[in-house]
Number of protein chains: 2
Amino acid sequence: MSGSVRERLLACLETASKADRTIANFMLSQLSSVPFETAASLATKVEVSEPTVGRFCRSIGYKSFKDLKEHLKQDIGDKPWLVSDRLRDLRDRAKAGEDHLAAGLELEISALVAIYELARTEEWARLVKRLATTPNVYATGFQTERGMAQILVNQLQYLRDGVRLLDLAGGNFAELLASDASQSCLVIFEARRYSRLARELAIEAKEAGIPVTLVTDPFCDWGRGLADEVFVVPTEFNQFWESTAQMASLANLLVNGVFLELGPKVEARMETITRLYSRFNGYVGEPAIRTPKSENETT
Amino acid sequence: MSGSVRERLLACLETASKADRTIANFMLSQLSSVPFETAASLATKVEVSEPTVGRFCRSIGYKSFKDLKEHLKQDIGDKPWLVSDRLRDLRDRAKAGEDHLAAGLELEISALVAIYELARTEEWARLVKRLATTPNVYATGFQTERGMAQILVNQLQYLRDGVRLLDLAGGNFAELLASDASQSCLVIFEARRYSRLARELAIEAKEAGIPVTLVTDPFCDWGRGLADEVFVVPTEFNQFWESTAQMASLANLLVNGVFLELGPKVEARMETITRLYSRFNGYVGEPAIRTPKSENETT
DNA sequence: ACATGTTTGTAAGAAATATTACATATGGTC
DNA sequence: GACCATATGTAATATTTCTTACAAACATGT
């Protein structure tokens, strides 16, 4: 037995016994409130006994009602996909326990969904506009999130001038903090157990009246109140090593938004930059960035 | 105390204690998966004790955590919140042409699937092993791919020594190219606006006998033959601005693989690095080793 | 009607989840 | 620095939720 919860429920409608069919049917019609149910509450509603619910769940391949709920949590659904077969294949492996990695896939997908939802919010629109119009845009991230900031910066630089990666190379953040607040904004990438720097930077920036956006994981608890916008990116994928990879998608969507905001006028710049790159054989010549060789070296 | 769950959570952020704020914050960030949580599971995630969760719920006017969930059920109403429903919702909008962004979602998902498929190949296993065992690991990327290389490097450095971001700051790549080939390997991130650098670096590295891995998009045509492994990441998402965001997922999966390969012995190192970070940056959250003169909160 | 296998319910027990009482820690105040 | 009030954790306890064992009901074929 395999497939999403919904699929399994549908499948069993054919063959199942009366009580089982009732249960399956009820769950299908109430799928989104199933997580709030308990085996007993559901049993009452459809007027069967509690063990019947448990047995039913087991009969369609779950360990228990609770297990079914657990799967529901991550279920991506049964819609035909562009990639359906391949995805299904991976998912089946994951469920069969053959492939521990694939288990993370669904979580990554749901994180992506979350990102795309973020991109529809008020805050998002506000940030995009700010990134498009503020003369000086700074992005920063420490430790493993540094690369994310770099991605945002590198891409934004294609579209506009005045974008910089902020770091502590100079010992303080004067570059941003001593600048004209009305001309600057800051995006911080942050994730759990990381630096105090991010927080203190946010505090100072707020103090200085500089708009701050925080992109972080669900565990960060200092953002609200300090940052003008907080975008929470799911990061738990049940891997041994947790991932903030979806922040890259977020950064990209932001850039896309800025592109749309700026409109055709960016094309001249993009062509110039492209030409410059090719002129220098792709030499990394971002004007505004100090290429920070120093702090990546362990040597 | 009244209002929706969301409102109450927001309201209490102002006044609540540290632990309570952490809980409220986490719930707000993950509202749609709260129904699947249990007081204990939530307590673990935010690292407080179970009774604290219960007390918190009571403090904002619910009878218990379960009671909060019950109310959440009402609040959520008919808003879609199972991942599958949310996904469906986005897809529908995309189809209706209301939401141009969402159109890219599906493509991003399929790119993710492609990544996870890559992670099952021979070549992948080989690369993981190499990244785990080669004394000197270099990663590089130019222009917009620089951040990807940085992500890989920053994360790998948590697990092992001898990982470096390679760049042209010094004017040549002697650091790698003049090193002992049997002790080094190279990962190149590359995409559409190819810099000639990447290719020439690959040529030289191959010449020198250094194993080369190329992570690139489907349009790159110079990889095979030059690189020992070529991983092709889909990059066309029908946005105005194309994305290599999934390379971050790839990098992360690689790191995860290396973690598994190295096994428990990395933990000592991870702790050391964590401690070092906390030594120099300070911690916001988890109390690592308390250095003589350290207290973290400035609140 | 009877035997057989399947389905379902009952009730007891096992596991999980949540609460309570109390001890310890923390932060602020004098 | 000692005190208080508040916040948090620990461990025992209560409660809810789930499972198991078994018996009753039901359908089906003879």
Side-chain angles (χ1 to χ4, degrees), chain A residues 1 5 9 12-27 33-73 219 221-222, chain B residues 1 5 9 11-27 33-73 282-290 293-299:
Chain A
M1 188 66 79
V5 174
L9 290 172
C12 80
L13 282 176
E14 306 293 327
T15 62
S17 68
K18 186 157 167 283
D20 283 4
R21 221 167 33 244
T22 317
I23 298 171
N25 196 55
F26 180 84
M27 284 201 200
S33 66
V34 166
F36 298 99
E37 302 286 349
T38 172
S41 69
L42 204 151
T44 312
K45 289 192 182 172
V46 302
E47 292 179 318
V48 298
S49 71
E50 210 183 324
T52 302
V53 174
R55 274 190 293 254
F56 168 70
C57 295
R58 239 158 289 136
S59 80
I60 60 172
Y62 298 103
K63 235 183 63 212
S64 65
F65 179 64
K66 220 186 316 176
D67 187 43
L68 183 151
K69 279 197 286 188
E70 194 53 37
H71 283 256
L72 194 58
K73 177 178 177 183
F219 299 96
D221 60 351
W222 54 264
Chain B
M1 191 63 82
V5 174
L9 289 173
C12 79
L13 281 177
E14 306 294 329
T15 61
S17 68
K18 188 156 170 285
D20 285 1
R21 217 169 39 242
T22 313
I23 297 170
N25 191 67
F26 183 83
M27 285 199 199
S33 67
V34 167
F36 297 99
E37 302 285 351
T38 171
S41 70
L42 205 152
T44 311
K45 288 194 184 174
V46 302
E47 293 176 320
V48 300
S49 70
E50 211 183 323
T52 301
V53 174
R55 275 190 293 250
F56 168 69
C57 295
R58 239 158 289 137
S59 81
I60 60 171
Y62 299 102
K63 234 183 62 210
S64 65
F65 178 64
K66 220 187 318 176
D67 187 42
L68 183 151
K69 280 198 284 188
E70 196 54 38
H71 284 254
L72 194 58
K73 180 180 174 183
Y283 253 85
V284 180
E286 288 134 53
I289 288 174
R290 192 155 301 182
K293 189 205 156 177
S294 97
E295 28 39 66
N296 306 333
E297 300 303 291
T298 342
T299 316

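Just so you know, these numbers use all the heavy atoms, side chains as well, and skip hydrogens, waters and symmetry mates. Labels below follow one simple rule: chain letters A, B, ... track the order of the sequence lines, proteins then strands, and each chain is numbered from 1.
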[X] [atom1] to [N] [atom2]: how many Å, rounded?
X     : N      : atom1 : atom2 : value
B:K63 : C:dT19 : NZ    : P     : 9 Å
A:Y62 : D:dC18 : OH    : P     : 16 Å
A:D67 : D:dT19 : CG    : C1'   : 14 Å
A:I23 : C:dT8  : CD1   : C1'   : 10 Å

Using a heavy-atom cut-off of 4.0 Å across all strands, would you classify B:R58 as base, sugar-phosphate, or nothing?
sugar-phosphate
Could I get the full list of ring pair (Phe, Tyr, Trp, His ring centres under 6.0 Å) partners for A:F26, not counting sequence neighbours?
none
Spell out protein contact along nucleotides 5-17 of chain D as letters: B when the base is contacted, S when just the sugar-phosphate is, - when no protein heavy atom is under 4.0 Å; keep the 5' to 3' order.
--SBBBB----SS
Only one of A:K63, A:K73, A:R58, A:M27 passes side-chain contact (heavy atoms from CB on, under 4.5 Å) with A:L68; say which it is.
A:M27
Please identify each residue that fulfils side chain to side chain contact (heavy atoms under 4.5 Å, CB included) with A:S64, with sequence neighbours left out.
A:K66, A:D67
Nearest heavy-atom pair of A:D221 and B:N25: which atoms, and what distance?
CA-ND2, 3.5 Å
Closest non-hydrogen contact found for A:V53 with A:A39 is CG2-O, 3.8 Å
Please list, chain by chain and in numerical order, all residues satisfying side chain to side chain donor-acceptor pair (under 3.5 Å) with B:S49, sequence neighbours excluded.
B:T52
With A:E37, which residues qualify under side chain to side chain donor-acceptor pair (under 3.5 Å), at least two apart?
A:S41, A:K45
Quick check on the helix from C:dA1-D:dT30 to C:dC30-D:dG1: what's the angle between its two end axes, five base pairs per end, to the nearest 10°?
20°
Pairs where residues 38-71 of chain B contributes a residue and the test ring pair (Phe, Tyr, Trp, His ring centres under 6.0 Å) is met, not counting sequence neighbours
B:Y62-B:H71
